[in-house]
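One structure is given here, and the rest of the page talks about it.
Note that the coordinates shown come from a computational prediction; the quantities given were computed from them, not determined experimentally. Proteins come first, then strands; the chains are lettered A, B, ... in the order of their sequence lines, and each starts at number 1.
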Amino acid sequence: MPDSAQILRLLPEILLSVFGTLIMVLDPLTGRNRKALLGVLALVGAYCAWIGALVSYANPGPAFGGMVTVDGFATFFRLLVCAIGFLTVLASMSYLERNELPQGEYYALVLFGVAGQSLMAVSGELVLIFLGLEISSISTYILAGFLREDAKSNEASLKYFFLGSFATAFFLYGVALTYGATGSTKLVVIRQAMEGKDANVVLAVIAGALMFVGLAFKVSAAPFQVWTPDVYQGAPSPVTAYLSTGPKAAAFAIFLRIFFTTVPQTGVMWGWLLWTCALLSMTIGNFAALVQTDIKRMLAYSSIAHAGYVLVAFTSCTPIGAAAAMFYLAAYAFMNLGAFTVVSHLSGRREQYVAIDHYAGLGRRRPFLAALLTIFLLSLVGIPLTGGFFGKFYIFRAAVNADLLWLAVLGLLNSAVAAYYYLKVIVVMYMQEPKEEVTIEPVPATLAATLVLAAGAVFFLGVYPGPVLDFATRSASFSRQ
Amino acid sequence: MLDTALFYIFAALTLGGGVLTITRRSAVHSAIWLITSLLGVAGLYLLQRAEFLAGVQVILYVGGIMVLFLFVIMLVNLDQAAKEKRFSGQKWIALACVAAVALQALWFVSKGAGRFTLGQPSIAGENLGNSEHVSRVLFSQYLLPFELASILLLVAIIGAVVMAKKRI
């Protein structure tokens with residue numbers, strides 16, 4: 001029987017599941033026009049889980065026979081995914097009402113998904129990681145198809161479901177083979193077996209490759225990125241905001257934990273694979289984004305490119321690289337969430353205004369929204385004073401420190417390409433006259449709050465990155481215990 | 001001796017069922033032959049003393065998944081499918097795959113079992129059956145994942161309702 005200290009180490013997951021279930025139970029009891037209360041409940045749940053992550057970090061250590069390890073690394077990602085969940089709920093409230101979507105199920109699925117991601121961050125055991133991954137994935141498959149009468153949303157959901165299931169199957173094959181090669185699913189034990197002579201190396205390498213495929217799919221790194229534009233375009237915009245941040249951050253978390261914990265000398269064995277993937281993702285993402293006319297599709301390609309930048313940090317295979325990746329994921333989460341939230345408001349009923357041309361004249365008509373979108377886009381470019389700048393800076397510095405100067409140079413060239421399509425949107429907003437009539441509703445308070453919070457986080461990370469980077473650096477040495 | 005005889009019987013069921021599954025014209029017949037094939041596999045598991053796997057095979061595949069198949073067959077329009085050509089160009093790819101697997105099997109047989117190291121079960125074999133071992137590990141070491149699987153199922157149920165219900 002686990003004692004209370006062990007249960008306390010799973011506090012965020014427990015809170016999220018309890019609140020998710022509570023929302024489901026209360027959903028039929030709330031009147032049709034009082035569904036917003038469920039959203040408030042979801043906000044409280046995400047906030048409690050955020051606090052819960054801090055509480056469980058007060059007493060770090062392993063629980064449940066080493067299945068779960070509360071350390072700085074886990075806490076960093078737990079705080080991140082809970083914050084993403086909070087902002088997603090806040091951003092979705094007005095969207096759901098405008099499009100008359102079922103709210104109870106939506107909030108419950110977001111909370112359960114965050115619980116899965118938080119579980120991924122904290123588990124040190126492959127079976128548990130798989131369960132977290134599946135909880136998170138299945139809830140996102142459904143959320144992607146939440147606009148049930150919209151053919152594009154249906155397509156997004158179905159595509160994501162089929163391809164995602166294949167990717168999960170790859171990952172699971174990898175897990176099974178790892179167990180066959182090393183006799184355990186616990187990451188620490190796998191590492192011991194790999195260092196000793198009792199592991200079947202050929203089998204372990206095949207297993208690693210299979211898990212790599214599964215995870216690369218989940219983070220939408222090339223050449224497994226094909227699903228991303230269609231799914232991000234078809235899914236409801238607040239869901240896209242969530243898809244491109246929460247599940248991605250959690251997938252990167254387990255990516256880091258699995259490969260840094262289990263594989264001795266990650267750099268020697270997997271370096272070439274990582275940099276090929278990183279380079280492909282950056283290049284394909286940025287060049288494909290150049291020609292997009294739909295803003296959601298453009299941001300989807302940009303998110304592929306950003307996955308590439310994070311992989312550059314992986315390639316350095318050092319704790320500094322891991323810390324840079326963590327910092328980048330945090331900065332990226334807030335700027336991308338912010339950008340997609342603006343998009344979700346401007347898209348109007350049933351997402352009719354999503355072309356970049358629809359943004360013409362926005363600077364004059366809605367200065368507040370235009371200014372915030374500008375901030376998020378500039379951060380995505382990596383302009384100083386925004387979180388994106390320090391994110392890129394730390395990543396390329398980690399690459400240079402690891403003697404990967406050429407990769408850093410190619411990455412920087414890629415960012416220059418990216419600047420073109422981000423700035424194009426800003427130019428359209430401020431310098432072009434609208435060609436057709438676009439109705440923009442007034443900004444609801446919840447949405448404004450989301451945007452201000454996200455912009456605040458982007459500025460905080462850009463002006464005062466010290467505390468977050470310190471925490472990331474201290475926690476990134478999790479790997480070799 | 002009896003083991004060998006049983007092995008051939010179950011193997012014949014598996015293979016015969018498989019061949020009949022892809023050659024029958026009626027989808028319902030195909031489904032029933034697939035059940036036969038799956039039962040044959042369950043028998044093979046039993047011969048390997050993997051009672052738990054055999055049980056899961058029968059309950060999940062024969063019981064659950066096949067019922068689902070039959071429901072789908074019931075819902076789709078079969079008359080149209082019955083008129084179409086039965087084997088498309090894909091059969092060559094399929095044949096190539098079968099040939100590859102057959103070659104692999106031949107290679108294993110020619111090498112002999114002694115040449116391969118097989119994974120050892122992590123629990124030393126007390127005099128307990130396979131199901132007892134599985135349940136013991138499941139309810140002690142893997143209790144947490146076992147409990148957490150309930151959240152996974154809950155999410156899947158919510159998803160099924162959200163996607164399928166006419167009015168939410």
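When all heavy atoms of Val162(B) and Arg148(A) are compared, the closest pair comes out as O-NH1, 2.7 Å. Contact record, Met163(B) with Ser157(A): SD-OG, 4.4 Å, taken as the closest heavy-atom pair.
The CG atom of Leu131(A) sits 9.5 Å away from atom OG of Ser150(B), with the distance rounded to the nearest 0.5 Å. Rounding to the nearest 0.5 Å places CG of Leu154(B) at 11.0 Å from OG of Ser139(A). Taking CD of Gln141(B) as the start and CZ of Phe64(A) as the end, the distance is 14.0 Å to the nearest 0.5 Å. Expressed to the nearest 0.5 Å, how far CG of Leu148(B) lies from CD of Glu134(A) amounts to 13.5 Å.
Of the atoms belonging to Leu143(A), not a single heavy atom falls under 4.5 Å from chain B. Heavy atoms closer than 4.5 Å to chain B are found nowhere in Leu203(A), neither backbone nor side chain. For chain B, no part of Glu13(A) is nearby; none of its heavy atoms comes within less than 4.5 Å. Only the side chain of Ser17(A) comes within less than 4.5 Å of a heavy atom of chain B; its backbone N, CA, C and O stay farther away. Heavy atoms closer than 4.5 Å to chain B are found in both the backbone and the side chain of Ile138(A).
Two residues are said to be in side-chain contact when any heavy atoms from C-beta on lie closer than 4.5 Å; Tyr142(B) and Glu125(A) meet this criterion.
Considering only residues two or more places apart in sequence or on other chains, Asp27(A) meets the salt bridge (Lys or Arg N to Asp or Glu O under 4.0 Å) condition with Lys35(A).
If you tally non-hydrogen atom pairs under 4.5 Å between each of Asn154(A), Val68(A), Leu119(A), Ile142(A) and chain B, the highest count goes to Ile142(A).
At a heavy-atom separation below 4.5 angstrom, chain A is approached by no residue within residues 7-17 of chain B.
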